[in-house]
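For reference, the structure is listed below as structure tokens.
All ligand and atom numbering here is 1-based and tracks the order in the structure. Numbers here are sequence positions counted from 1.
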Amino acid sequence: MKRYLKLILIFILFLSLGCKTTSKITTVNPDSSTDKYKVYEQAVLWQQNAAEYKALCFQAYNTAKLNLENYKGKQFLRPLAVITDIDETVLDNSPYNARMILSGKGYTRESWLSWGKELKARPIPGALDFFKEAFKMGITIFYVSNRFDAQKPETIANLKKVGFPGVDENHVLLRTNTSSKEARRKQIEEKYQVIMLFGDNLTDFSEEFEKQPTAKRNALVEKMKTQFGKKYIVLPNPIYGDWETKGIFEGSYKWTTKQKDSIRKAKLRLN
Ligand SMILES: [Mg+2]
């Protein structure tokens, strides 16, 4: 009789454990919309809270300021210019990503346009100081971004609202037919000597980085290593960029949340 009782108890324990496991699986659904964006939480928290993020931005813009010294009091054949990206280089859109995490709703053209119209993007630390100084020196600033061309009025308004200099129709060049910035860079280089480029994505500097996988992107950075901090000034962006879409996910947008999770795990380096 005692043996039966023991067996029944073990059976009940087994059942209750089984139930617990099942309930765990149902509460953490890898394809649920909230979980899909939760993966960005740490990155958004870092950008919005880490003093180290701020310090890195200051480091980038302080380096750029030092470079300006090389151009003071000298004559050049063509007028000097700098080219800067906008999002995550001079304007901080992390609240848009924070909203995505909390609402469980992903990127849509509509929500992105509506965020832009709010004019709430704050300046990236150090950016205002640098561009004001460059502008005072007579250097022309081109804001070259892949925001939709339809966003031009609110982009100009947001940049002006927070105090960026030299912002107008002719100096804010957004995406019309292609996401490649090469044609826009070439157009500027016809008339100007471009002394520095600013960006959070390597395609903000050179077309060589376009549509490249992780290994190639890293090899190219090795090849161009002397340019960083000199001609190319890089800002940190842990939330999004080609490092993820073209690198981690190899240019494909077909992955499910579950597959993305497996890809991320498979790409963790263990030694
Ligand atoms: Mg950017």
Item checked: Residue from Lys258, Arg264, Lys265 passing salt bridge (Lys or Arg N to Asp or Glu O under 4.0 Å) with Asp261 -> Lys265

Note to self: Can you see whether Tyr40 engages Glu244 through a side-chain donor-acceptor pair at a distance of less than 3.5 angstrom?
What the structure shows: yes

Notebook entry, point to check: Counting backbone and side-chain atoms alike, does Asp204 have an N/O/S atom under 2.8 Å from the Mg ion (ligand 1)?
Noted result: no

Check: Could you give the distance from CG (Asn97) to OH (Tyr107), rounded to the nearest 0.5 Å?
Finding: 11.0 Å

Next item on the list: Could you pull out the atom name of the N/O/S atom in Asp87 that is nearest the Mg ion (ligand 1)?
Entry: O

Notebook entry, point to check: Does any donor atom in the side chain of Tyr96 or Ser111 lie under 3.5 Å from an acceptor atom in the other side chain?
Noted result: yes

Next item on the list: Kindly confirm whether the Mg ion (ligand 1) is within less than 2.8 Å of some N/O/S atom in Glu88?
Entry: no

Note to self: Side chains of Asp149 and Thr176 only: does a donor on one sit below 3.5 Å from an acceptor on the other?
What the structure shows: no

Check: Relative to the Mg ion (ligand 1), which of the N, O or S atoms in Asp85 is the closest?
Finding: OD2

Notebook entry, point to check: For the Mg ion (ligand 1), what is the closest N, O or S atom on Asp200?
Noted result: OD1

